[in-house]
Amino acid sequence: MFKRILIANRGEIALRIIRACHEMNIEAVAVFSEADRGADYLRQTDRAVCIGSTIPKESYLRMDRIIAAAEVTGADAIHPGYGFLAENAQFAQMCRDCKLEFIGPSADAMRKLGDKASARQIAKAARVPTVPGSDGLVESDEEAVEVAESIGFPVMIKASAGGGGRGMRIARDKTDLIAALKQARQEAAGAFNNDAIYLEKYIDQPRHVEVQIMADQSGAVIHLYERDCTIQRRHQKLIEEAPSPAIDSRTRRDLCHAAVKLAKAAKYTTAGTVEFLVDAKGKFYFIEVNARIQVEHPVTEMLTGIDLIKLQIKAAAGEPLGISQRSVRTDGHVIECRINAEDPYNGFRPCAGRIEKFRPPGGFGVRLDSHVFEGYKVSPYYDSLVGKLIVHQPTRLEAIRAMQRCLREMTVEPIKTTIPFHLRVLEHPRFQAGEIDTGFIERTLL
Ligand code: MV4
C-alpha cells in the first residue's frame, strides 16, 4: 500500500481524499495555490506545498510543479480528484515515468476512452448499445449526409475530443447539416485543437443515467449500480439520485452489465463512470466514459455503503478489490443536491465572497461534503461548489422530504446559493413523480 499520497486538487474533494487517506493510515500531502493559502482543510494534511498563483494554469494545472512537490515530499502516488488534471493522459504517463503512481486508469485507457469516437467503437465492438450513427469519424460532408440520411434526421454532430456537452450541434435537415458541420469543425478546432467529429441520431428528451464501475489490476471489474443525473442546467448537474426512477430491474441489470463489458474491453482500472442516455421508451445507449472519480460519487457510497475513494486507492495500489459483485447491495434511496455559490435568480451567476454565517443541516441519514466554514472566502477563480448535501432514506418520497427539511435548515449567508432553486425542483409534482428529462429545468423552471 502507498505510504504517502499527494492530492493534486483543492476544496471539498481534497478534504474527501485526505479523510480516506488517514483512515487507511496513509499520509496526505496537499498542494495549494495562493488563493487557497490558509484554507482550513490544509491543516488536516501532513504537508502542504504552495505550487503557484491563483489562476489554475499557474498552479493546479502545472504538472511540473505538482510532480516536483511529490518528489520533494516523498509521496509515492498522486490522486487527481476531479477536474484539473484528472483526465489528462499525458499527466498520468508523466507521473508513472517519475515512479509516482497516478490514481486512475492507464494513460492508454484514458486516451482511448477520452476520444469519444474511439470510445464508441470500443463499445460497439464489445456489443454495448450505442446511439445509431457514424462508424467512427466522419471525414467529409458527403459521408455525413449519407450517414444522416440512413439514420434519419435530426442528427447530432459531436466533437470527438469534446464531451460533457461541449462541442455538440443539432442538424434538422440536409441544408442545416452542411452549415452545422462547418461550424462544429471550427468550434472543435478552436476549443480542443482537434476538428474530428462524428454523428449520432438525436435522442429527444433523454435521461442521463450513469453506472459506477471499479476495476482492479487483475482484470476484475464490478459495478456499483447507477446514478440518475437528469436534473441539469447547461450541462451542469444540480441534483443526482440513485436508484434511477426511470428504469426497471431488467434494464438496470442490462445497463450495469453493459458498463462492466465496456470496462473490460478497454482494460480499464480503478474508478470510472459509464454514461448512457435513456430514451422515452426506456432504451439505453452508451455515450461516454468519465475516467475519474466524479463529484456525485457520494450518492453511490450511501446507496451501497462502500467507500469509493478507499476502494479506488486500493485498486491503484495493485490490491484486489476484496468485494465481489454479489456482495454489492443497495439500500433505499439517495439524493444529492449540489450547493453552489450562484444566484439562481440571476442566471446562476457565480457569487464569490465571505461566508459570515454557516449552519450545516444534520439528522438521520444526512451527509454534507464540504470544506467551507464561517469566515471562508469563496474564490471567483474556481468552481462555485460550496458543498454537496446527500440524504439517505428508505424510499424516494422520504428522501425528497428529508432533503427539503435539510435545505430549509441550512444557512449560508450572505452569499447567494442554489438552495432556494433546489427547493423549487423538489416541490415540483413532475420531479416528485419522477417524470423528468434533461430539458426539465429549462422548460419548467427558467
Ligand atoms: C446527446 C443528446 C441527444 N442525442 N446525444 C450532453 C452531454 C453529453 N454527455 C451528451 N449530451 C447529450 N448527447 C444524442 N445523440 C442530448 C444530450 C444532452 C444531455 C445529455 C445528458 C444530460 C443533459 C443533457 C442536456 C442536453 C443535451
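All ligand and atom numbering here is 1-based and tracks the order in the structure.
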Per atom 18 (C) of ligand 1, closest listed option by heavy atom (His235, Arg234, Glu200, Glu210): His235
How far does NE2 of His208 sit from OG1 of Thr438, to the nearest 0.5 angstrom? 10.0 Å
Between the candidates Met168, Lys116, Glu288, which shows the shortest non-hydrogen contact distance to atom 11 (N) of ligand 1? Met168
Nearest 0.5 Å please: distance from the CD atom of Gln205 over to the CZ atom of Phe440. 12.0 Å
Counting the benzene-type ring for Trp, do Phe102 and His79 have ring centres under 6.0 Å apart? no
Any idea which of Arg233, Glu275, Met156, Lys158 brings a heavy atom closest to atom 13 (N) of ligand 1? Lys158
Could you pull out, from Thr438, Leu199, Ile170, Ile441, the option with a heavy atom nearest to atom 19 (C) of ligand 1? Thr438
Ile287: numbered ligand 1 atoms lying under 4.0 Å from its heavy atoms: 9 (N), 10 (C)
Flag this pair as yes if the NZ/CZ of Arg396 is under 6.0 angstrom from the six-membered ring centre of Phe431 and inside a 45 degree cone about the axis; otherwise no. yes
In ligand 1, which numbered atoms sit nearer than 4.0 Å to a non-hydrogen atom of Lys201? 4 (N), 14 (C), 15 (N)
Counting from 1, what ligand 1 atoms have a heavy atom of Tyr202 closer than 4.0 Å? 3 (C), 4 (N)
Atoms in ligand 1 with a heavy atom of His208 nearer than 4.0 Å: 21 (C), 22 (C)
Decide yes or no for Leu277 and Arg207: does some side-chain heavy atom of the first lie under 4.5 Å from some side-chain heavy atom of the second? no
Using side chain to side chain contact (heavy atoms under 4.5 Å, CB included) as the criterion, point out the one residue from Glu301, Glu336, His392 that pairs with Arg367. Glu301
